[in-house]
Amino acid sequence: MMVDSDPTALIPEIALLLGAVAGLLLGAWTPRRRQWTIRVLAALAATAGLAATAVAATRPPEMVFGTYVLDTATHTTRAIVLVTTLALVALCGDTVAGHRRETEFVVLVQLGALGSMLLGGAGDLILLFAAFLLASVPLYALAGWAKQGTATEAALKYYLAGALAGVTTLAGVTLLFGVAGATGYAGVAEGLTRGPGGAAAVGLVAVLAGLAFKAGAVPAHFWVPDVADGTPPAVAAVITTLPKIGALVATYRLLDSAVPADVVDWPLLVAILAAASMTLANLAAFAQTSVLRLLGYSTVSQVGYLLMAVAVAGHAPLAQPALLFYLAGYAVTNVAAFAVVAATAQRSIDGHRGLARRDPLLAIALVVALLGLVGTPPTAVLFGKLVVFTAAVDGGLAWLVVLAVLNTVASLFYYLRVIAAAFSTADNDHDGTAGAVDHAGSGSRSRPWARWTALGTATLSLLLGVGAGVVLAVVGTPT
């Protein structure tokens, strides 16, 4: 792989950074009624990054400054993160417009997105940890942005879990460096074959614990439902989507490039994490009455399916394309689900009763999003799951595929609870809440940013599904 020191190779990352810094400076001098311009600036930065990514994707793989890998995985991660950032900036419009901390919200989203992108391309342990921090610290602040209700408690839980995960990750990086005598992934892979396997295993487990926290996987998942339910839907959408993209690609790259499976049996370890994540999260989701908390557990289960591709990294040709395509489908579909909740301003399942009568298009977006998360044709997640399952079978994990299929069928039931409520007639409810729910839910059109984001991302999920063959051909390009 060619080594480059040209900073222009990092234009997508630089665009996000400049957008965040310029937005913070301009926001300090912009009247509150005009701070929407900061969101426009963020959208322009993300658009410029997408254009630069498209150009960079035509070049051969290279390593920038000896630590940052530019290949198909990195370019795809960039594209997913930037498109997701555009959707999230649109989604937050109703939440932050006129708020005294509107600028801070947008800047924190951009910094978290930048950290996720750097995670996906990290080819060095030091850069991996630096990117971990950048993908974490801004989101801690974002979790407490609302400073009302349970947001403060959610932010505290998130921060404390993140502090522990950060220390654990740093300890793991230190151990791996001590055993391998190098921080670059190629040097780590070579050094681990000569060092003590026990120390390497402990170091890897520690690093994986930190990445599991960022991805929201079991056993570092307990903060996810609390943050999803305790923050505004726009904030929950950011935290349950952006960091997962970079964390899962980073995990794939680390295991595939830096840790030989004959030194540490990481495929079995990751397969167990995948099985635990999808199963425990689905079981927990059945008992939820809050849509946001249900979606929080849903994101944990989705990570379980995604980890199946990671478990067969280097052992199945479809593993990397499957992971990247599934991530793209998951990102837009998850944002669509949270956008519907933001548009209705209803956190409970009962609060969505009668949605199909009040706003048919929004109800359709809800169906696309929730059935999309299950994996129903022709949504993107369906084809993502099919390719992941194929890769897992090719990699010798047929038992995990059987468990994943059972979990997929089981998850349909708790998603259908929300859909059934949306298509029920609120007037038929006799619990005394129908009138209040109908009145509250009738204002979805007064939250146009959330509504149009829901419709747009749901449509994108369908388009990705229809064009799955083309997208898979692009992300499956050998690197």
Side-chain angles (χ1 to χ4, degrees), residues 1 3 63 65-69 71 73 118-133 135-136 161-215 217-221 246-277 303 307-316 319-320 323 392 395-397 399-400:
M1 182 179 297
V3 178
M63 180 171 286
F65 300 111
T67 59
Y68 193 62
V69 182
D71 58 7
L118 292 175
L119 272 173
D124 184 275
L125 293 175
I126 303 300
L127 179 58
L128 177 69
F129 182 66
F132 174 91
L133 292 179
S136 301
L164 177 60
V167 171
T168 303
T169 304
L170 182 58
V173 166
T174 304
L175 271 173
L176 289 177
F177 170 69
V179 174
T183 58
Y185 284 1
V188 171
E190 182 181 353
L192 290 182
T193 59
R194 301 191 302 265
V202 173
L204 177 61
V205 168
V207 174
L208 287 180
L211 293 173
F213 161 78
K214 288 283 1 123
V218 172
H221 70 292
L248 287 162
V249 177
T251 305
Y252 186 102
R253 190 185 299 279
L254 174 69
L255 296 176
D256 186 38
S257 304
V259 185
D262 56 350
V263 175
V264 181
D265 189 12
W266 54 260
L268 178 60
L269 174 61
V270 176
I272 292 173
L273 292 179
S277 296
V303 173
L307 282 173
M308 294 173 63
V310 179
V312 293
H315 296 83
Q320 179 175 298
L323 175 65
L397 294 178
W399 65 270
L400 187 57

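Note that this is a predicted model, so its numbers are computed, not measured.
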Residues forming a side chain to side chain donor-acceptor pair (under 3.5 Å) with Thr183, sequence neighbours excluded: Asp124
Closest non-hydrogen atom pair between Trp266 and Val259, with its separation: NE1-O, 2.8 Å
Heavy-atom pair with the smallest gap, counting every atom of Ala271 and Ala311: N-CB, 4.0 Å
Flag, side chain of Ser277 to backbone of Val218, donor-acceptor distance under 3.5 Å: yes
Non-neighbouring partners of Thr174 that pass side chain to side chain contact (heavy atoms under 4.5 Å, CB included), sequence neighbours left out: Leu170
Nearest atoms (heavy-atom pairs only) where Thr193 meets Ala189: CG2-O, 3.4 Å
Considering all heavy atoms, the nearest His315-Pro267 contact: CE1-CG, 4.2 Å
Residue pair Leu125, Leu254: steps toward the side chain to side chain contact (heavy atoms under 4.5 Å, CB included) verdict: CA-CA 9 Å; Leu125 293 175; Leu254 174 69; 4.0 Å; yes
Close side-chain approach of Val179 and Leu192, heavy atoms under 4.5 Å: yes
Gly166 versus Phe129, closest heavy-atom pair with distance: O-CE1, 3.4 Å
Side chain to side chain contact (heavy atoms under 4.5 Å, CB included) between Leu269 and Val264, worked out: CA-CA 9 Å; Leu269 174 61; Val264 181; 5.9 Å; no
Spacing of CZ belonging to Phe132 relative to CG belonging to Leu127, to within rounding of 0.5 Å: 13.5 Å
Spacing of CG belonging to Leu323 relative to CG belonging to Leu248, to within rounding of 0.5 Å: 6.0 Å
Partners passing side chain to side chain donor-acceptor pair (under 3.5 Å) against Thr169 (at least two apart in sequence or in another chain): none
Residue pairs, two or more places apart or on separate chains, that pass salt bridge (Lys or Arg N to Asp or Glu O under 4.0 Å) and touch residues 183-205: Glu190-Arg194
Nearest-0.5 Å distance, CZ of residue Phe177 to CD1 of residue Ile126: 7.5 Å
Side chain to side chain contact (heavy atoms under 4.5 Å, CB included) between Val173 and Val207, worked out: CA-CA 6 Å; Val173 166; Val207 174; 4.1 Å; yes
Heavy-atom side-chain proximity of Leu255 to Leu204 below 4.5 angstrom: yes
Check against side chain to side chain contact (heavy atoms under 4.5 Å, CB included), Val249 and Leu119: CA-CA 7 Å; Val249 177; Leu119 272 173; over 6 Å; no
Qualifying salt bridge (Lys or Arg N to Asp or Glu O under 4.0 Å) pairs, either residue in residues 252-261, two or more places apart: Asp71-Arg253
Salt bridge (Lys or Arg N to Asp or Glu O under 4.0 Å) contacts in which one or both residues fall within residues 196-211, not counting sequence neighbours: none
Which atom of Ala217 lies closest to which atom of Leu307, heavy atoms considered: CB-CD1, 4.0 Å
